[in-house]
Amino acid sequence: MKPELAARGDGSLVAIPYDGSFSLLDTLKSGQLFHWESFRFGEFDGYAGCIGGAPPSFIAQLESGAVLTLKGDCERVAGYFGLDHRMEEIHATFPSNDPVLRAAIAYCPGIRIVRQPVWECLATFITSSLKQVTHIRAISMTLRQRYGVAHQFGGRTFYAYPEPAVLAAAGEEALRQCSLGYRAKSLHLAAVAIGAGRIDLNAIEREPSLSRARESLMQLHGVGEKIANCALLFSAGQWGAFPIDVWIERILREHYRKRVKGPKLQQWAVKHFGVNAGYAQQYLFHFARKTL
DNA sequence: AGTCAGGCAACGC
DNA sequence: GCGTTGCCTGAC
């Protein structure tokens with residue numbers, strides 16, 4: 001038993017059961033998560049990172065497909081990576097006569113919609129505006145290292161995403177020093193509003209109505225349709241949310257002959273792809289990035 | 001050197 | 001309602 005793992009059970013790994021197809025690598029690369037780091041645990045190569053304020057979690061996937069995690073983390077990790085999703089039921093809600101979506105699923109069948117803590121998801125996507133993945137990752141890591149709670153794990157240090165009150169106290173200028181540019185203002189204002197309880201993320205997470213939840217988030221400066229939809233899809237279980245970025249717009253234009261934009265395009269997508277449109281979006285997004 | 005990237009808000013019509 | 005423009009920053 002490794003001493004640093006003593007806080008969580010006996011430090012041994014267990015397999016998380018799941019249905020259908022799951023690819024840890026595709027899910028980590030899918031643009032939903034930006035802070036997981038390669039990590040070797042005993043004989044297993046996997047990834048480690050913080051989920052909310054909890055001590056770092058470890059996850060690995062064997063060639064057999066089996067997913068391993070620390071015994072005490074099983075439930076948290078399974079929920080986070082969507083391993084409890086019933087994929088057959090989700091796929092059954094997709095349009096049956098859509099060859100593009102079919103091809104996208106065949107291309108990366110193992111992608112899951114993750115379920116992150118709402119604040120770190122929202123905050124990360126606020127900082128993602130007009131940025132590339134590598135830079136989003138760099139910003140996330142800087143914010144974590146400067147303002148997040150540090151945890152020792154396996155001889156390394158991992159950082160939780162900083163709480164709203166901490167970023168609010170840091171101030172806009174300090175956030176700007178994390179390469180945030182004009183996004184510093186948005187992140188700071190969001191941290192202030194949420195820290196002060198003016199925006200209640202717990203209530204938004206529980207809100208059953210997608211449009212009401214989205215309206216609430218869009219009150220925040222710097223949060224438009226796209227970022228609100230990302231936050232709700234990747235952290236609140238709102239699988240009907242359909243974020244439209246340049247890649248999705250591209251694939252809808254080139255493969256579905258849709259030339260409209262904005263809310264019209266979104267309405268069409270939700271009608272076409274159904275109640276789990278956001279899940280379809282994730283397959284299409286990955287497909288578009290690789291093939292367009 | 002200039003352009004562009006996984007958006008948004010503010011402004012003009 | 002629509003379309004246009006500025007915005008921080010780093011990568012190419």
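All figures in this text were calculated on a predicted structure; none of them were measured in a lab. Each chain gets a letter, A, B and so on, in the order the sequences are listed, and its residues count up from 1. Values reported hereafter were calculated over all heavy atoms of this structure, with side chains retained and with hydrogens, waters and symmetry mates removed.
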Quiz prompt | Sorted by number, the residues of residues 275-292 of chain A with heavy-atom contact under 4.0 Å to DNA chain B | solution =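 Here the set is Phe285(A), Arg289(A).
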
Self-check item: Asp200(A) side chain vs Ala203(A) backbone, donor-acceptor pair below 3.5 Å
Solution: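 It does hold such a pair.
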
Which whole number of Å gives the distance between the [atom1] atom of [N] and that of [M]?
N: dG6(C); M: dT3(B); atom1: P; result: 13 Å
N: dC8(C); M: dA1(B); atom1: P; result: 23 Å
N: dC2(C); M: dG6(B); atom1: C1'; result: 24 Å
N: dC8(B); M: dA11(C); atom1: P; result: 23 Å
N: dA9(B); M: dG10(C); atom1: C1'; result: 23 Å

Nucleotide [N], atom [atom2] - distance to [atom1] of [X] in whole Å:
X: Leu187(A); N: dT9(C); atom1: CG; atom2: P; value: 15 Å
X: Lys185(A); N: dC8(C); atom1: NZ; atom2: C1'; value: 14 Å
X: Lys261(A); N: dG6(B); atom1: NZ; atom2: P; value: 15 Å
X: Arg137(A); N: dG10(C); atom1: CZ; atom2: C1'; value: 16 Å
X: Gln132(A); N: dT9(C); atom1: CD; atom2: P; value: 16 Å
X: Arg183(A); N: dT9(C); atom1: CZ; atom2: P; value: 9 Å
X: Leu175(A); N: dT9(C); atom1: CG; atom2: C1'; value: 15 Å
X: Arg253(A); N: dG6(B); atom1: CZ; atom2: C1'; value: 14 Å

Between [X] and [Y], is the ring centre distance below 6.0 Å?
X: Phe39(A); Y: Phe158(A); value: yes
X: Phe242(A); Y: His272(A); value: no
X: Phe94(A); Y: Phe273(A); value: no

Quiz item: Quick one: what's the B/S/- string for nucleotides 7-13 of chain B, heavy-atom cutoff under 4.0 Å, read 5' to 3'?
Solution: BSS----

Quiz item: Can you list the residues that meet the side-chain contact (heavy atoms from CB on, under 4.5 Å) rule with Gln219(A), with sequence neighbours excluded?
Solution: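 Per chain and number, Gln219(A) pairs via side-chain contact (heavy atoms from CB on, under 4.5 Å) with Ile199(A), Ser216(A).
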
Quiz item: Would one find a side-chain N or O of Ser179(A) under 4.0 angstrom from OP1 or OP2 of dG10(C)?
Solution: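 For dG10(C), OP1 or OP2 has a side-chain N or O of Ser179(A) closer than 4.0 Å.
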
Self-check item: N-O pairing of Glu249(A) and Arg259(A) below 4.0 Å
Solution: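 Salt bridge between Glu249(A) and Arg259(A), a charged N being under 4.0 Å from a carboxylate O: no.
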
Quiz item: Do Ile59(A) and Trp36(A) pass the side chain to side chain contact (heavy atoms under 4.5 Å, CB included) test, and can you show the C-alpha distance, the side-chain angles, and the key distance before you say yes or no?
Solution: CA-CA 10 Å; Ile59(A) 181 168; Trp36(A) 289 80; 4.1 Å; yes

Quiz item: Between the side chains of Asn229(A) and Gln281(A), does any donor sit under 3.5 Å from an acceptor?
Solution: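 Their side chains do not contain a donor-acceptor pair, so the 3.5 Å distance test is not met.
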
Quiz item: Looking at CD1 of Ile51(A) and CG of Asp73(A), how far apart are the two atoms once the value is rounded to the nearest 0.5 Å?
Solution: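 Between atom CD1 of Ile51(A) and atom CG of Asp73(A) there are 7.0 Å.
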
Quiz item: What distance separates Ile16(A) CD1 from Glu75(A) CD, expressed to the nearest 0.5 Å?
Solution: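 The CD atom of Glu75(A) is 10.5 Å from CD1 of Ile16(A), to the nearest 0.5 Å.
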
Quiz item: Now, which nucleotide makes the Watson-Crick or G-U wobble pair with dG7(B), with each of the two distances under 3.5 Å?
Solution: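 Matched dG7(B) with dC7(C) under the 3.5 Å cut-off.
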
